[in-house]
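A quick note: this is a predicted structure, and the numbers were derived from the prediction, not measured. The figures here come from the full heavy-atom set of this structure, side chains too, leaving out hydrogens, waters and symmetry mates.
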Amino acid sequence: MNKIERIQARINDLELDINRDKYKERKIRTRRLIQKGALLEKYFECEHLSVKDTEDLLQMFADYVNSKKLDKFNKAP
């Protein structure tokens, strides 16, 4: 195996690593979104609402909730 082939093999390995990381991150995000959606349906009893109606419901409360949110629930700097 010459130098160019070794370099190309290393590039391929790095690309595979990047793709694996992206796939893992996407799975983590998907799981988090599913869990949060389940909590939304549980506490707001909104499983019968469309996505648009759910958004409208959340918008009604967003300003109030965000203004009353404890510091521990705010984004870290």
Discussion item. For Lys68, I'd like to know if atom NZ has over 12 heavy atoms of other residues, nucleotides or ligands within 6.0 Å.
Written reply: no
Worksheet item: Side-chain donor-acceptor pair under 3.5 Å between Asn66 and Lys69, yes or no?
Response: yes
Worksheet item: With side chains defined as the heavy atoms from C-beta onward, is the minimum distance between Leu40 and Leu58 less than 4.5 Å?
Response: yes
Worksheet item: Do Leu14 and Tyr23 belong to the same hydrophobic cluster, where Ile, Leu, Val, Met, Phe, Trp and Tyr are linked whenever their side-chain heavy atoms lie under 4.5 Å apart, directly or via other members?
Response: no
Discussion item. Looking only at side-chain N and O atoms, does Asn12 offer a donor or acceptor that is under 3.5 Å from a partner on Gln8?
Written reply: yes
Worksheet item: NZ of Lys24 to CD1 of Ile28: how many Å apart, nearest 0.5 Å?
Response: 8.5 Å
Worksheet item: Under 6.0 Å from the CG atom of Asp63, do we count more than 12 heavy atoms belonging to anything else shown?
Response: no
Fill in: Electrostatic pair Arg20:Asp17 at N-O distance under 4.0 angstrom
yes
Discussion item. Tell me whether the count of non-hydrogen atoms from other residues, nucleotides or ligands lying under 6.0 Å of CD in Glu5 goes above 12.
Written reply: yes
Response to the item:
Interatomic distance, CZ@Arg6 vs CD1@Ile11, rounded to 0.5 Å, equals 13.0 Å
Discussion item. Any heavy-atom pair between the side chains of Gln35 and Leu39 that's under 4.5 Å?
Written reply: no
Worksheet item: Between Glu41 and Glu47, which heavy-atom pair has the shortest distance, and what is it?
Response: O-OE1, 3.3 Å
Discussion item. If hydrophobic clusters are built from ILVMFWY residues whose side chains come within less than 4.5 Å, do Phe73 and Tyr64 share one?
Written reply: no
Discussion item. Would you say that more than 12 heavy atoms from the other residues, nucleotides or ligands in this model lie under 6.0 Å from the CG of Leu16, or not?
Written reply: yes
Worksheet item: Measuring from Leu57:CG to Glu45:CD, what's the distance to the nearest 0.5 Å?
Response: 11.0 Å
